[in-house]
Amino acid sequence: QAEDGIRDLDSCLVGSEMCIRDRGMELARRLSRPPNHPVSDQQLQNGSRVAVIGGGPSGAFFSYFLLRLARRLDLELDVDIYEPRYFNHLGPAGCNHCGGIVSESLVQLLAIDGINIPPGVVQRGIDSYMLHTDAGSVSIEQPQHEKRIAAVYRGGGPRGVTDIHWKSFDEFLLGLATKQGAHIVHKMISDVQIKAGRPALITHDHAEQVYDLAVVATGVNSHLLERMEALGLGFKQPGTTTAFISEFHLGEEVVRQQMGTSMHVFLLDLPRLEFAALIPKHNCVTMCLLGDDIDEELVEAFLNTPEVKSRFPADSGIPQNTCHCFPRINISGADQPFIDRMLFVGDSGVTRLYKDGIGAAYRTGQAAANAALLGGVSAEDFRRHFLPACKKISRDNTIGKLVFWVTSLIQGMPFSRRAIVRMTALEQQTSNRQRHISNILWDVFTGSAPYREVFVKALHPAFLIQLSWNLVLSSLPFRAKTKLVEERHGSN
């Protein structure tokens with residue numbers, strides 16, 4: 001019966017998150033052990049010690065779901081979250097990178113799990129996207145206005161800001177974990193060793209603690225992953241590239257006037273640039289550039305385009321950024337995001353390509369918690385009950401690479417950029433028109449749908465016919481009517 005229950009769990013882990021929630025209690029009852037039943041050494045039991053290295057979304061989600069499920073199984077666990085930073089501090093002291101976007105699909109999943117993001121955490125509600133190209137700009141909205149996106153600060157916020165009216169998103173998630181019973185340890189882990197088959201964590205002050213399970217949720221910018229790979233136990237670091245994140249302090253009124261409640265996305269012919277966006281926050285604007293090893297030269301070229309300059313006040317231009325960094329981001333996942341008694345979740349293991357990293361942290365954190373409690377903590381247990389959820393994300397990322405390859409082709413051809421703007425403008429103009437391109441762009445920009453769904457939508461015959469027709473029109477020598485449509489519907 002237990003084996004059947006675990007197989008049911010596997011199908012949940014690789015299926016919808018609603019399945020996990022709806023059947024979680026039933027599985028917990030079926031798999032709970034009588035008090036006198038022998039417990040394997042490879043399973044968590046009363047008094048087991050669990051270490052979580054990293055207090056970002058993946059570590060916080062794992063701790064929250066682990067402790068919540070343990071309580072339903074009548075298990076008492078000792079969970080320590082090692083996080084040296086205080087996310088309520090501004091600038092580098094509380095930095096967890098500024099480009100936080102919570103997709104509408106994740107907002108709904110969190111609500112199902114009883115997690116409601118408080119208004120003080122949300123910097124600004126995003127209800128539309130503005131697509132900017134050299135062929136014009138167009139606003140993308142959902143016809144029923146049902147989809148909402150939350151712009152948040154993962155950490156305390158950028159340096160140089162004095163009027164703080166918000167709370168860190170990561171601090172909020174850590175608060176959920178501590179309410180479930182987790183302990184925050186503000187120390188940095190400098191090394192991990194394996195002693196007597198169990199992970200031993202060594203902090204920067206040379207203190208050592210041995211745990212029954214260690215979960216690495218540090219992200220790919222931590223040198224600790226190099227140490228994990230050096231252990232020679234099968235873990236290999238995820239593949240990465242360099243991104244760019246910057247903050248511009250404009251003031252609340254200027255942000256409202258220049259950006260509104262739209263996230264501004266740019267489809268420009270700049271080599272190596274896969275995705276570029278300006279995200280309005282409370283009184284700042286976050287700039288995110290993703291692509292192939294973003295460098296200062298590419299950042300400068302992007303800022304000097306007319307399309308970007310038009311988003312800033314004409315009288316003052318683009319101000320000096322108050323905070324910026326070139327973080328490493330994932331382009332592929334770890335081949336084996338686990339070893340005996342050790343799991344790698346979020347960016348440390350596998351995450352969504354370019355988009356919805358917080359959503360991937362939610363999915364892998366929840367899958368890891370279920371696998372550790374309902375399966376076991378050996379490498380073989382993780383292979384059976386955690387790896388399927390990781391492989392699902394990896395397979396979708398493969399399709400995502402194809403989606404962004406097609407996007408790069410569109411970026412490189414002027415007539416294709418004109419066709420995309422023209423199609424989108426016409427769809428947004430007519431309320432009863434099927435919004436094929438609008439829905440595709442919305443899902444690509446927000447990351448709210450799997451890349452597989454985006455790809456399937458792009459193969460719809462009606463979309464392909466519309467695209468072919470608009471590509472033909474946009475390549476003709478005369479385009480007066482098309483240009484009029486773009487200007488009329490492309491204004492902010």
Side-chain angles (χ1 to χ4, degrees), residues 17 21 52-69 71 79-126 148-158 161 163-186 215 217-219 245 247 279-284 286 323 345-347 351-352 356-366 368-369 446-448:
E17 288 76 7
R21 178 186 180 276
V52 180
I53 308 173
S58 56
F61 278 130
F62 170 82
S63 304
Y64 173 81
F65 288 117
L66 182 80
L67 288 166
R68 191 176 71 165
L69 181 55
R71 183 173 294 109
V79 177
D80 293 331
I81 302 176
Y82 286 87
E83 177 51 66
R85 289 166 294 188
Y86 292 83
F87 292 133
N88 57 352
H89 290 181
L90 292 176
C95 177
N96 214 9
H97 308 302
C98 294
I101 287 291
V102 183
S103 66
E104 74 277 0
S105 59
L106 180 57
V107 170
Q108 294 165 4
L109 288 173
L110 292 177
I112 291 172
D113 279 310
I115 301 174
N116 296 301
I117 304 175
V121 173
V122 178
Q123 289 284 308
R124 191 171 294 270
I126 305 296
R148 293 292 185 271
I149 303 156
V152 301
Y153 274 125
R154 294 267 316 278
V161 177
D163 49 338
I164 304 172
H165 304 285
W166 62 80
K167 183 178 180 181
S168 156
F169 180 73
D170 286 15
E171 184 186 12
F172 161 68
L173 293 182
L174 279 178
L176 295 177
T178 56
K179 287 179 181 178
Q180 292 292 328
H183 312 288
I184 310 299
V185 182
H186 289 291
V215 176
T218 60
I245 300 177
E247 288 291 322
I279 307 168
K281 301 289 182 66
H282 178 72
N283 51 17
C284 293
T286 302
C323 214
V345 298
D347 291 359
T351 190
R352 186 95 186 280
D356 197 26
I358 297 175
Y362 166 86
R363 290 168 175 83
T364 58
Q366 188 177 50
T446 63
S448 58

K.L.:
Side-chain polar contacts of residues 173-182 - donor-acceptor pairs under 3.5 angstrom, sequence neighbours left out - could you list them?
P.N.:
unit_1, atom_1, unit_2, atom_2, d
Thr178, OG1, Leu174, O, 3.2
Thr178, OG1, Gly175, O, 2.9
Gln180, OE1, Arg71, NH1, 2.6

K.L.:
Could you go through the side-chain contact (heavy atoms from CB on, under 4.5 Å) check for Ile115 and Phe172 one step at a time?
P.N.:
CA-CA 10 Å; Ile115 301 174; Phe172 161 68; 4.0 Å; yes
K.L.:
Between atom CG of Leu67 and atom CZ of Phe62, what is the distance when rounded to the nearest 0.5 Å?
P.N.:
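So the gap between those two atoms works out to 8.5 Å.
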K.L.:
Indicate yes or no: at least one non-hydrogen side-chain atom of Ile245 is less than 4.5 angstrom from one of Thr286.
P.N.:
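Ile245 reaches Thr286 side chain to side chain.
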K.L.:
List the atom of Ser103, the atom of Asp356, and the distance in Å for their closest heavy-atom pair.
P.N.:
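Closest approach of Ser103 to Asp356: OG-OD1, 3.5 Å.
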K.L.:
Check the pair Asp170, Glu83 against side-chain contact (heavy atoms from CB on, under 4.5 Å), reporting the backbone distance first and the verdict last.
P.N.:
CA-CA 11 Å; Asp170 286 15; Glu83 177 51 66; over 6 Å; no
K.L.:
Could you list the residues that satisfy ring pair (Phe, Tyr, Trp, His ring centres under 6.0 Å) with His183, not counting sequence neighbours?
P.N.:
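Once residues adjacent in sequence are excluded, His183 has no partner under the ring pair (Phe, Tyr, Trp, His ring centres under 6.0 Å) criterion.
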K.L.:
Which pair of heavy atoms, one from Gly357 and one from Thr351, lies closest together, and at what distance?
P.N.:
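Of all heavy-atom pairs spanning Gly357 and Thr351, the closest is CA-OG1, 3.8 Å.
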K.L.:
Mind listing the closest non-hydrogen atom pair of Ser63 and Val79 along with its distance?
P.N.:
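The pair with the smallest heavy-atom distance is OG-CG1, 4.0 Å.
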K.L.:
By ring pair (Phe, Tyr, Trp, His ring centres under 6.0 Å), which residues pair with Phe61, not counting sequence neighbours?
P.N.:
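Tyr362.
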K.L.:
Please round to the nearest 0.5 Å and tell me the distance separating atom CD of Gln366 and atom OH of Tyr64.
P.N.:
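The OH atom of Tyr64 is 9.5 Å from CD of Gln366, to the nearest 0.5 Å.
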K.L.:
Considering all heavy atoms of both residues, which atom of Gly54 and which atom of Ile81 are nearest to each other, and what is their separation?
P.N.:
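The pair with the smallest heavy-atom distance is O-CG2, 3.9 Å.
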K.L.:
Distance from Arg68 atom CZ to Leu66 atom CG, nearest 0.5 Å?
P.N.:
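If I round to the nearest 0.5 Å, the distance is 11.5 Å.
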K.L.:
If you measure from CD on Glu247 to CD1 on Ile279, what distance do you get to the nearest 0.5 Å?
P.N.:
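If I round to the nearest 0.5 Å, the distance is 8.5 Å.
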K.L.:
Check for a donor-acceptor pair, side chain of Arg352 on one end and backbone N or O of Gly447 on the other, with a separation under 3.5 Å.
P.N.:
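Side chain of Arg352 to backbone of Gly447, a donor-acceptor pair under 3.5 Å: yes, one is there.
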K.L.:
Between Val52 and Ser58, is any pair of side-chain heavy atoms under 4.5 Å apart?
P.N.:
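Heavy-atom side-chain distance check fails, nothing below 4.5 Å.
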K.L.:
Write down the atom of Thr364, the atom of Gly346, and the distance for their closest heavy-atom approach.
P.N.:
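Closest approach of Thr364 to Gly346, heavy atoms only: OG1-N, 3.2 Å.
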K.L.:
Looking at every non-hydrogen atom in both residues, tell me the closest pair between Val152 and Lys281 and how far apart they are.
P.N.:
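In this case the closest contact between Val152 and Lys281 is O-NZ, 3.1 Å.
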